[in-house]
2 protein chains.
Amino acid sequence: MKTLKIPEATIIRLSVYSRYLTEIDRKGIITISSGDIAEGVGVSPAQVRKDLAYFGEFGIRGVGYNVKDLHKNILRIMGLSNEWSVCLVGLGNLGLALSTYKGFKERGFSIINIFDNDPQKIGMRINDIEVLPIDKMEEVVAQNQIQIGAITVPASAAQEIVDKLVKGGVQAILNFAPVVLNVPPTVELRNVDLSVNLEVLTFNLGGKMA
Amino acid sequence: MKTLKIPEATIIRLSVYSRYLTEIDRKGIITISSGDIAEGVGVSPAQVRKDLAYFGEFGIRGVGYNVKDLHKNILRIMGLSNEWSVCLVGLGNLGLALSTYKGFKERGFSIINIFDNDPQKIGMRINDIEVLPIDKMEEVVAQNQIQIGAITVPASAAQEIVDKLVKGGVQAILNFAPVVLNVPPTVELRNVDLSVNLEVLTFNLGGKMA
DNA sequence: TAGATTGTTAATCGATTAACAATC
DNA sequence: TAGATTGTTAATCGATTAACAATC
């Protein structure tokens, strides 16, 4: 099988198309064209077709795409046709927000464990999940075969947490701490920085200021 | 003045360099090379120099960059040398997390108002900010000259909120609702989708699965 | 001066857009 | 058949990397 490299921008757009198709499917629409999708999500029709073409032929010339069929295919491509086991480390406000975020469950991400070091929080129950101490993390993560760790601890503690998650055997880490982390090449790392988004906004605003 | 287009990737990296320089400055380091910055944040030295070159000459050949000086310049470029007035709409868990997120204050973003429609939440105080009803939003935003609106309401309510914020006169909107929004061309819109990040992870993991 | 490192140009690489033949 | 829309190729555009002259 020829493996040509897929742009990350394509993956991000697939995720957006997928969410749009959920909406369209709910409306009972059966068939959709690349132009319709493009308009709905704000890209060009050629881009939609190109993105899909990386993975196969999903449409019918002269007709368009079957909504349900295309949606199913995109979910499969994104690895969302099965459940993923996630643990969350750090039950601050952001951790609490993520642990109760419905979007995750909807897309097949199950939060199985929550860890924190604060004695006040250990033992608490969030959506029926008991908050466990960080001490237990490596062991529990290994036992429960957690695949993804989401980190919402302070920047200063993040690397230590990463090392423990890696030892526990996670395959991927989603990091919300604003710090550069080191992981072995076998572990997938993705960083989300909430401030960066605001800063891109203000840069773009720059010219408009007095 | 020649205005050549700056890649968004450059802006995102500037934001990362800036945070790294805060750290380096705290350690009391006076001078840094493009190679050091590159290593610290995980890009190439050429990229660091290229990114900076869009905005001027900040270094000394044979020596490197003065840490404080470069940091100040980047903050200025990013529009972070003055405070920005932000309002937050939607006090769910994510809204609560954002309203108490220290990273914003540190980078010059002041949350001035919080709005929600839930009678249980209206009147509450978060960090001394009273939660106001959405009804009052347009008026209050205009009065307080709020520049940026952050939206953490459900997807179904987001467009309506956007319209009110625009009428109130905000210059930019940071949207956390997973939905495509319409704004006039004068208003800067940026979307943050928390699920997308997890989905890019699982796509990348795809090949490693059984 | 010799060594180091910037700023910048040219070369490479990658992603997007446009165009159109294939085909329903 | 005529009209529509895909899948794909070629052209364009943009961003990254490599190389090096400038210069501290």
Side-chain angles (χ1 to χ4, degrees), chain A residues 1-17 20-21 24 29-74 77 200 203-204, chain B residues 1-17 20-21 24 29-74 77 200 203-204:
Chain A
M1 178 191 169
K2 202 174 84 188
T3 325
L4 76 165
K5 231 196 96 255
I6 316 290
E8 184 170 298
T10 289
I11 306 307
I12 292 172
R13 283 190 300 265
L14 281 180
S15 170
V16 175
Y17 303 159
Y20 183 66
L21 289 173
I24 290 300
I29 294 166
I30 304 298
T31 300
I32 195 167
S33 71
S34 59
D36 294 337
I37 297 175
E39 211 192 329
V41 307
V43 302
S44 75
Q47 182 126 73
V48 172
R49 295 200 300 276
K50 188 81 214 255
D51 285 337
L52 295 173
Y54 283 109
F55 302 99
E57 305 189 7
F58 304 113
I60 301 171
R61 288 164 198 237
V63 179
Y65 303 88
N66 177 283
V67 174
K68 276 189 199 303
D69 195 56
L70 181 60
H71 193 200
K72 228 175 282 177
N73 272 298
I74 295 181
I77 291 164
V200 174
F203 171 80
N204 289 329
Chain B
M1 179 191 169
K2 202 175 86 189
T3 324
L4 76 165
K5 232 197 93 256
I6 315 292
E8 183 171 298
T10 289
I11 306 307
I12 294 173
R13 283 190 300 266
L14 280 180
S15 169
V16 175
Y17 303 159
Y20 184 64
L21 289 173
I24 291 300
I29 294 166
I30 304 298
T31 301
I32 196 167
S33 70
S34 59
D36 294 338
I37 297 175
E39 211 192 330
V41 306
V43 301
S44 75
Q47 183 124 74
V48 172
R49 295 200 299 277
K50 189 80 215 255
D51 286 338
L52 295 174
Y54 283 109
F55 303 98
E57 304 190 7
F58 305 112
I60 301 169
R61 288 164 199 238
V63 178
Y65 303 88
N66 177 282
V67 173
K68 275 188 202 302
D69 194 56
L70 180 60
H71 193 201
K72 227 174 284 177
N73 272 298
I74 294 180
I77 291 163
V200 175
F203 171 81
N204 289 329

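Naming: A, B, ... by sequence-line order, numbering from 1 per chain.
Other residues, nucleotides and ligands contribute at most 12 non-hydrogen atoms within 6.0 Å of the CD1 atom of Ile30(B).
At whole-Å resolution of the value, CD1 in Ile60(A) and C1' in dT23(C) are 11 Å apart. One can place CD of Gln47(A) at 16 Å from P of dC13(D), the figure rounded to the nearest angstrom. For the pair Lys5(A) NZ and dA15(C) C1', the computed distance is 9 Å after rounding to whole Å. Rounded to a whole Å, the CZ atom of Phe58(B) is 18 Å from the P atom of dT23(D). Taking atom CD1 of residue Ile32(B) and atom C1' of nucleotide dT6(C), one finds them 14 Å apart after rounding to whole Å. Between the CD1 atom of Ile12(A) and the C1' atom of dA15(C) there is a distance of 13 Å, rounded to whole Å. Rounded to a whole Å, the CG atom of Leu70(B) is 10 Å from the P atom of dT6(C).
Within 4.0 Å (heavy atoms only), Ser34(A) reaches sugar-phosphate atoms of the nucleic acid but no base atom.
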All N/O donor-acceptor pairs, side-chain side in residues 34-47 of chain B, below 3.5 Å, sequence neighbours left out:
{"from": "Ser34(B)", "atom 1": "OG", "to": "Arg49(B)", "atom 2": "NH1", "distance (Å)": "3.0"}
{"from": "Asp36(B)", "atom 1": "OD2", "to": "Ser33(B)", "atom 2": "N", "distance (Å)": "3.4"}
{"from": "Asp36(B)", "atom 1": "OD2", "to": "Ser33(B)", "atom 2": "OG", "distance (Å)": "3.3"}
{"from": "Ser44(B)", "atom 1": "OG", "to": "Gln47(B)", "atom 2": "N", "distance (Å)": "3.2"}

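Here Tyr54(A) contributes atom OH and Thr10(A) contributes atom OG1; the two are 4.5 Å apart, rounded to the nearest 0.5 Å.
Remark on the helix from dG3(C)-dC24(D) to dC24(C)-dG3(D): inter-end axis angle 10°, axes from five-pair C1' superpositions, rounded to 10°.
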Polar-atom pairs under 3.5 Å, protein N or O versus N or O of nucleotides 8-11 of chain C: list them with distances, or write none.
{"from": "dT8(C)", "atom 1": "OP1", "to": "Glu57(B)", "atom 2": "OE2", "distance (Å)": "3.4"}

